[in-house]
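Worksheet: the structure to be examined is printed underneath.
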2 protein chains.
Amino acid sequence: MNKFPAQLKKIRKEQNTTQDDLASQLFVTRQAISKWESGDSTPDLNNLIKLTDIFNVSLDTLVFGAEHETKVDTSEFVFDPKHNRYVRRLGKMNFWDFLSGYWWAVLAIAFIIGFFSIF
Amino acid sequence: MNKFPAQLKKIRKEQNTTQDDLASQLFVTRQAISKWESGDSTPDLNNLIKLTDIFNVSLDTLVFGAEHETKVDTSEFVFDPKHNRYVRRLGKMNFWDFLSGYWWAVLAIAFIIGFFSIF
DNA sequence: ATTATTACGAAACCATTAGTTGCGCAAATT
DNA sequence: AATTTGCGCAACTAATGGTTTCGTAATAAT
């Protein structure tokens with residue numbers, strides 16, 4: 001449900017920053033960060049918002065985890081930023097969408113296979 | 001930046017529920033809700049999460065509003081101006097994803113091209 | 001080797017503040 | 001006109017977010 005402590009640690013490590021460094025950016029002590037990551041305390045909304053700015057992630061990612069976003073079938077759903085949620089796309093469209101991006105590769109493979117199929 | 005107080009009031013009104021009613025769902029007093037909406041205080045993360053459950057909105061919508069440009073994981077998603085939405089990034093991995101899903105189509109095209117290239 | 005330095009955790013304490021209690025007051029309902 | 005509904009405000013307190021202080025393990029430096 002609330003994955004904030006683990007998320008904070010994970011994201012912080014990913015950005016290769018220390019608790020000390022993060023603390024100075026938030027104008028809190030290093031130990032405060034430690035408590036957040038160990039689940040001993042929870043930052044107030046202001047600091048939560050600051051964290052989203054520093055790490056450039058959404059609030060939902062910060063407290064629910066990235067799985068919240070990747071849990072959906074991304075070949076079936078696309079992210080609609082306007083409504084901040086995933087919406088279903090037309091399944092048959094996917095093939096042509098991908099084809100429009102990779103027609104050159106398909107053609108290349110086709111020609112290679114086609115060339116050898118002569119013999 | 002932080003539009004939570006206004007957002008809460010707005011969303012609550014949209015769902016046609018009263019401060020009293022909302023309070024009982026959160027097991028807090030009616031006055032607590034009043035303070036949240038007037039910006040006199042801010043709910044802790046637990047109550048924020050409960051609010052997202054009750055209203056069925058994202059945390060970002062709740063504190064930033066729907067108009068807010070939501071942060072998207074740009075390593076996973078890129079904005080496609082053609083379709084005016086975020087789509088899964090077309091990277092090296094996706095090509096193989098595509099190929100594994102549509103190898104039959106590639107083969108078909110290959111054979112067609114190969115067939116005609118005989119003449 | 002041993003002395004810093006880096007990176008973090010844990011306990012005790014304090015100060016802020018989230019949430020409660022109590023009062024009041026319009027605007028609908030009855 | 002009396003009651004109910006819906007909400008805001010001031011004073012209080014109980015909870016807790018953040019600090020201070022102490023400790024430890026792991027590297028890096030001398």
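Each chain gets a letter, A, B and so on, in the order its sequence line appears, and its residues count up from 1.
Taking only side-chain nitrogens and oxygens, A:K9 comes nearer than 4.0 Å to OP1 or OP2 of C:dG9. Between B:R30 and D:dC9, a side-chain N or O to OP1/OP2 separation shorter than 4.0 Å is absent. For the OP1/OP2 pair of C:dG9 and a distance below 4.0 Å, the side-chain nitrogens and oxygens of A:S34 include at least one atom meeting the criterion. Proximity of A:K13 to the phosphate of C:dC8: a side-chain N or O atom is located under 4.0 Å from OP1 or OP2. When the side-chain nitrogen and oxygen atoms of A:N47 are compared with OP1 and OP2 of D:dG18, one or more of them lie within a distance under 4.0 Å.
Between A:F27 atom CZ and D:dT19 atom P there is a gap of 12 Å when expressed in whole angstrom units. Atom CD of A:E37 and atom C1' of C:dA7 are 11 Å apart (whole Å). If you measure from atom CG of B:D40 to atom P of C:dT17, you get 12 Å, rounded to the nearest angstrom. Summarising the geometry, the separation between CG on A:L8 and P on C:dG9 is reported as 11 Å, rounded to the nearest angstrom. For B:L51 and C:dG19, the CG to P distance is 10 Å, given to the nearest whole Å. Separating the CG atom of A:N46 from the P atom of C:dT16 is a distance of 16 Å, rounded to the nearest angstrom. Note: CG (A:D20) to P (C:dC8) measures 7 Å, nearest angstrom. Spacing between atom CD1 of A:I33 and atom P of C:dA10 amounts to 16 Å, rounded to whole angstrom units.
Distance from the side chain of B:T29 is smallest to C:dT21 among C:dT21, C:dA10, D:dG17. Here the side chain of A:P43 is nearest to one of C:dT21, D:dG18, D:dC7, namely D:dG18.
A:Q7 is not listed as a side-chain neighbour of A:F64, based on a closest heavy-atom distance of 4.5 Å or more. Side-chain contact between B:E37 and B:P5 is absent, with no heavy atoms from C-beta onward closer than 4.5 Å. Annotation: side chain of A:L22 is in contact with side chain of A:L51 (closest heavy-atom distance under 4.5 Å). Taking the side chain as every heavy atom from C-beta outward, A:T42 and A:W36 never approach each other to under 4.5 Å.
As judged by a 4.0 angstrom heavy-atom cut-off over every strand, B:T18 is placed among residues touching the sugar-phosphate backbone only. A:Q19 comes within contact range of the sugar-phosphate backbone alone, with a heavy-atom separation under 4.0 Å but no base atom that close.
From A:D60, atom CG reaches atom CG of B:D60 across 4.5 Å, with rounding to the nearest 0.5 Å.
Counting atom types as modelled, A:K35 pairs a side-chain N or O with a base atom of D:dG18 as donor and acceptor under 3.5 Å.
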